[in-house]
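Computed from a predicted structure; not experimentally measured. Chain identifiers are assigned alphabetically (A, B, ...) following the order of the sequence lines, protein sequences preceding nucleic acid strands; residue numbering begins at 1 within each chain.
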Number of protein chains: 4
Amino acid sequence: MEIVKTVEEETIINMDDNVSDKEKKILIAAIRIMSEKGFRASRTSEIAKEAGVSEGTLFRYYPKKKDLLLALLPPLILSFFQPIITEMFSKSNAPKSSTLKYELKHFFSTRLSLLDDNKGLLKIIILESIYYPELQKSIQKLMTETVFPSLEQMIMEQIEKKHIKKMSVTTVSRILMSQLLGYFILSSYFPDQYPRDDDKEINEMVDIILNGIKR
Amino acid sequence: MEIVKTVEEETIINMDDNVSDKEKKILIAAIRIMSEKGFRASRTSEIAKEAGVSEGTLFRYYPKKKDLLLALLPPLILSFFQPIITEMFSKSNAPKSSTLKYELKHFFSTRLSLLDDNKGLLKIIILESIYYPELQKSIQKLMTETVFPSLEQMIMEQIEKKHIKKMSVTTVSRILMSQLLGYFILSSYFPDQYPRDDDKEINEMVDIILNGIKR
Amino acid sequence: MEIVKTVEEETIINMDDNVSDKEKKILIAAIRIMSEKGFRASRTSEIAKEAGVSEGTLFRYYPKKKDLLLALLPPLILSFFQPIITEMFSKSNAPKSSTLKYELKHFFSTRLSLLDDNKGLLKIIILESIYYPELQKSIQKLMTETVFPSLEQMIMEQIEKKHIKKMSVTTVSRILMSQLLGYFILSSYFPDQYPRDDDKEINEMVDIILNGIKR
Amino acid sequence: MEIVKTVEEETIINMDDNVSDKEKKILIAAIRIMSEKGFRASRTSEIAKEAGVSEGTLFRYYPKKKDLLLALLPPLILSFFQPIITEMFSKSNAPKSSTLKYELKHFFSTRLSLLDDNKGLLKIIILESIYYPELQKSIQKLMTETVFPSLEQMIMEQIEKKHIKKMSVTTVSRILMSQLLGYFILSSYFPDQYPRDDDKEINEMVDIILNGIKR
DNA sequence: CATGAATGAGATTTCATTCAT
DNA sequence: CATGAATGAAATCTCATTCAT
């Protein structure tokens, strides 16, 4: 029946073995239902049904509905932040003579894939974190420990190599993060106005970031 | 007691006179509670209490809780989208010899003010629109009729004036929208990483958009 | 239909007027059901039904089931402990030349009436207090402030009047309380072995306490 | 680790050999949990855990939770009622010239030891018997067959020996039972008001019962 | 015979909505 | 037209009991 699995689902299926099959099914169902309806609008009954387990079983694993929300953070870390951490420590693998243009395009396309692959999980966690300070703290911590340092290191290296003007690392970091976020959000929310065409748009985005729009 | 009112509250207080006083109080309370807790987590009882009316009265004006959400769209339009429309038709007021740099800075600072002034309303409507297609359609329509045309017109004029390289209007539009959105979201969500300092950051943002980061 | 009301029910019906009729019905139903089945075995659905209200209404007044248990303490105080307090302050009304025998018989018969009148409430509160320290503390405090002092004062007066041998007030107090408690519990639990016949038994009890059983 | 065992636990450990080791562990755990929390508030899961067996095993031995409660009656009989029966038939062991005072003190101290030794079991069974008629019947039957006859025989003998005034055996029995019960309950429930000091208090209790309080 | 994951019936709790006053 | 007590449908949570392994 179900042949195609999302990256998120694959991540959960490949999780630690002290996570039972039923638990995995519950997590997958939770992502599906919650990313479609939001945390509060998702019914434990519906999640249980989608997971093919009884509501009692759902309770066995997650005594409070909120626990189910919090349980989605580890898979998110595994699927979204782990690759970033991994990449940070295997930087040496990158082509030594990589140009700035190449680096930026690589940054956008890899990060975009991560966003795409974790759409559902990210949607739940980010949106709910707006109202749950604990979740927000977790996300802030993760970003501060993974994405921001890796991004800033790249920028500093390029400044050292004199490929980038001497300017505030934070400013450049903000510009790049804004473009990534903006591209992702705008093309999701206004697909007619901003259709998605990654190759073309990343190219133009990078070109403008590098050379500006001024004639 | 309460002397300082938010722009949103001022907007509602100045609304049409066929909106009764009680109704206005309810809307103001709804914005406060819903922007703090989200639509679903907000209790009609709490909104009524905050508004200083009975729950019965609340339901006289808004028979369904959802009606209360939809009722927030008009104030949002009045306060956020109306100024943009107005500005579009009063373009003549702008200094004729306005430079590209000035135009961009003006765009960012005016739009940022609008975002700040309508934080609460925007938060509610945007976040809820993710789960309510009707709301999403409304927002898409409003953006398509106001923000996007005004932005694109500015870009086209600047291209015609040859201040901007010959390039896709949509691409430039996306870049600018991304920066605006990114600046706003990132400094709200990661205030430590990306502290807010509008004058300085708008300046640098515009500089990079104009000239790029390449040395 | 229902003509005879228990003293407990009368107490609740005569409670403060800021207690609504529905709330009173709920409390009466709670006493009936809980004294019959115990707190945990009592179903909120059954209490609501017995009270003639919806479960929603029950929740309006007592958000947690436990609140309903704790709400029974005030009526108990009113009905059981208030008379004792009142009596303490109207001691002067007692016949001045009251004999020891008369005092003891009066003590047993009045206290026994109180126990009888508050059977249900006492049963709930006492039995549940065994497992809820908060309740136990309340009962201990009430006894320490009302029953014990009034009892000890009577004993001391009788010792001063040299009607009672010079002996520990606590010991006499314990003897009297034990008889009261024992008479009440034993005749409830073993009605065949210890049938209840207040006039006769109080007489004999007092006689033995006064003169002993030794020939 | 655990060196000190309660009398109840010793009783269970020494029970009949057609009671398996696991069963004994379950019973001991049941006493611990149930005497702490009460029957209904005790979770089968918690009892199983405390007993070091699986819930499945618990239900193999006691298919219904209530069976676990009823299974506590035999140990109670063994530990509490058996000694009383035994004593009844070994009356000859008592010193022939035992005085009334001695007999009473012996009665109180031996019964008090039994109560202390079986605190937990008694608490569970007595409290639950209030809501379970079957249990209440059992307790009534046991008391009627053991405690009451032994007590009444002692009283009758003392009346025959003319150590006690000619009076109703039941009345004297009730007085003695009340004092025993009262001493035990009051010093458990109000340890501050009625501190426990067996030697001293039994002495004074017996003295009053024998000679009264009248000067 | 032991296990403990899974169950589901039923308990409590929630809260938008109604309606008599 | 305003009130807020009352509602009940639906949600979450509980836990004794079952049963495949």
Side-chain angles (χ1 to χ4, degrees), chain A residues 20-23 25-26 39-49 51-68, chain B residues 20-23 26 39-49 51-69, chain C residues 20-23 25-26 39-49 51-68, chain D residues 20-23 26 39-49 51-69:
Chain A
S20 80
D21 261 25
K22 290 252 153 108
E23 200 171 347
K25 278 184 189 164
I26 290 170
F39 174 69
R40 293 199 85 99
S42 298
R43 303 297 155 215
T44 51
S45 58
E46 200 182 357
I47 294 170
K49 202 178 161 194
V53 302
S54 70
E55 270 193 270
T57 301
L58 200 154
F59 158 77
R60 262 184 64 75
Y61 290 105
Y62 305 101
K64 304 277 158 196
K65 191 186 170 191
K66 209 179 170 181
D67 296 338
L68 196 46
Chain B
S20 81
D21 258 24
K22 293 225 158 143
E23 223 169 330
I26 292 171
F39 174 68
R40 295 198 94 98
S42 299
R43 305 295 151 226
T44 51
S45 56
E46 201 184 355
I47 294 169
K49 201 180 161 193
V53 302
S54 72
E55 254 186 296
T57 302
L58 194 156
F59 276 89
R60 168 161 305 282
Y61 289 108
Y62 305 101
K64 302 275 158 191
K65 192 186 172 190
K66 210 177 171 180
D67 296 336
L68 200 46
L69 178 63
Chain C
S20 80
D21 259 25
K22 290 252 153 113
E23 199 170 348
K25 278 183 189 165
I26 291 170
F39 173 68
R40 294 198 84 99
S42 299
R43 304 295 158 219
T44 52
S45 58
E46 200 182 356
I47 294 170
K49 202 178 161 195
V53 302
S54 70
E55 271 193 89
T57 301
L58 202 154
F59 159 78
R60 262 186 64 75
Y61 291 104
Y62 306 101
K64 303 278 158 194
K65 191 186 171 190
K66 210 179 169 180
D67 297 337
L68 196 46
Chain D
S20 80
D21 260 23
K22 293 226 160 143
E23 223 168 328
I26 291 171
F39 175 68
R40 297 199 92 99
S42 299
R43 306 294 151 229
T44 52
S45 57
E46 200 183 355
I47 293 170
K49 201 180 161 195
V53 302
S54 72
E55 254 185 297
T57 302
L58 194 156
F59 276 89
R60 168 162 305 283
Y61 290 108
Y62 306 100
K64 302 276 157 190
K65 191 188 173 189
K66 210 177 171 181
D67 297 338
L68 201 46
L69 178 62

Q: Nearest-Å distance, CZ (B/R43) to P (F/dA11)?
A: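 Computing the B/R43:CZ to F/dA11:P distance gives 13 Å.
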
Q: Hey, which of these two, C/S45 or A/G52, hits DNA chain E nearer its 5' end, going by closest nucleotide?
A: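 First, find each residue's nearest nucleotide; the 5'-ward one identifies A/G52.
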
Q: Tell me the closest heavy-atom pair linking C/D67 and C/Y62, and the distance in Å.
A: O-CD2, 3.8 Å

Q: Counting the atoms with a prime plus P, OP1 and OP2 as sugar-phosphate, which does D/S20 contact under 4.0 Å by heavy atoms, base, sugar-phosphate, or nothing?
A: nothing

Q: Side chain of C/V53 only, heavy atoms from C-beta on: which candidate in F/dA16, F/dC13, F/dT7 is closest?
A: F/dT7

Q: Could you check C/R40 against A/E55 and say which one's nearest nucleotide on DNA chain E is further toward the 5' end?
A: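 The answer here is A/E55.
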
Q: How would you give the extent of chain B contacts on DNA chain E, as first and last nucleotide 5' to 3' within a 4.0 Å heavy-atom cut-off?
A: E/dC15 to E/dT18

Q: My understanding is that only residues two or more places apart in sequence, or in another chain, count here; which of them pass side chain to side chain donor-acceptor pair (under 3.5 Å) with C/T44?
A: C/E55

Q: Can you sort out the partners of B/K66 under side chain to side chain donor-acceptor pair (under 3.5 Å), two or more places apart, ordered by chain and number?
A: B/E134

Q: For a quick check of understanding: with a heavy-atom distance under 4.0 Å over all strands, which category does A/Y61 fall into, base, sugar-phosphate or nothing?
A: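 Sugar-phosphate only.
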
Q: In Å and rounded to the nearest 0.5 Å, what is the CZ to CD1 distance from B/F59 to B/I26?
A: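 B/F59 CZ to B/I26 CD1: 10.0 Å, rounded to 0.5 Å.
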
Q: By nearest nucleotide on DNA chain F, pick out whichever of B/G56 and A/T57 is the more 5' one.
A: B/G56

Q: Salt bridge (charged side-chain N to carboxylate O under 4.0 Å, His left out) with B/E23: which residues, sequence neighbours excluded?
A: none

Q: Represent DNA chain F in dot-bracket notation, 5' to 3'. Only Watson-Crick or G-U wobble pairs with both distances under 3.5 Å count; pseudoknot-style crossings use [ ] and interstrand partners use |.
A: .||||||||||||||||||||

Q: Using side chain to side chain donor-acceptor pair (under 3.5 Å) as the criterion, list what pairs up with D/S45, not counting sequence neighbours.
A: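 With neighbours one apart ignored, the set is empty.
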
Q: Return the 5'-most residue of the pair D/S42, B/R60 with respect to DNA chain F, ranking by each residue's nearest nucleotide.
A: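 Residue closer to the 5' terminus by nearest nucleotide: B/R60.
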
Q: Within the distance-only criterion (no hydrogens, no angle test), does the side chain of C/K22 pair as donor or acceptor with the backbone N or O of C/A51 below 3.5 angstrom?
A: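 Pair absent, no side-chain N/O of C/K22 close to backbone of C/A51.
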
Q: Within a reach of under 6.0 Å around NZ of C/K25, are more than 12 heavy atoms found that belong to other residues, nucleotides or ligands?
A: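 Check fails, neighbour count at 12 or below.
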
Q: What's the separation between atom CZ in D/R40 and atom CG in D/L69, rounded to the nearest 0.5 Å?
A: 10.5 Å

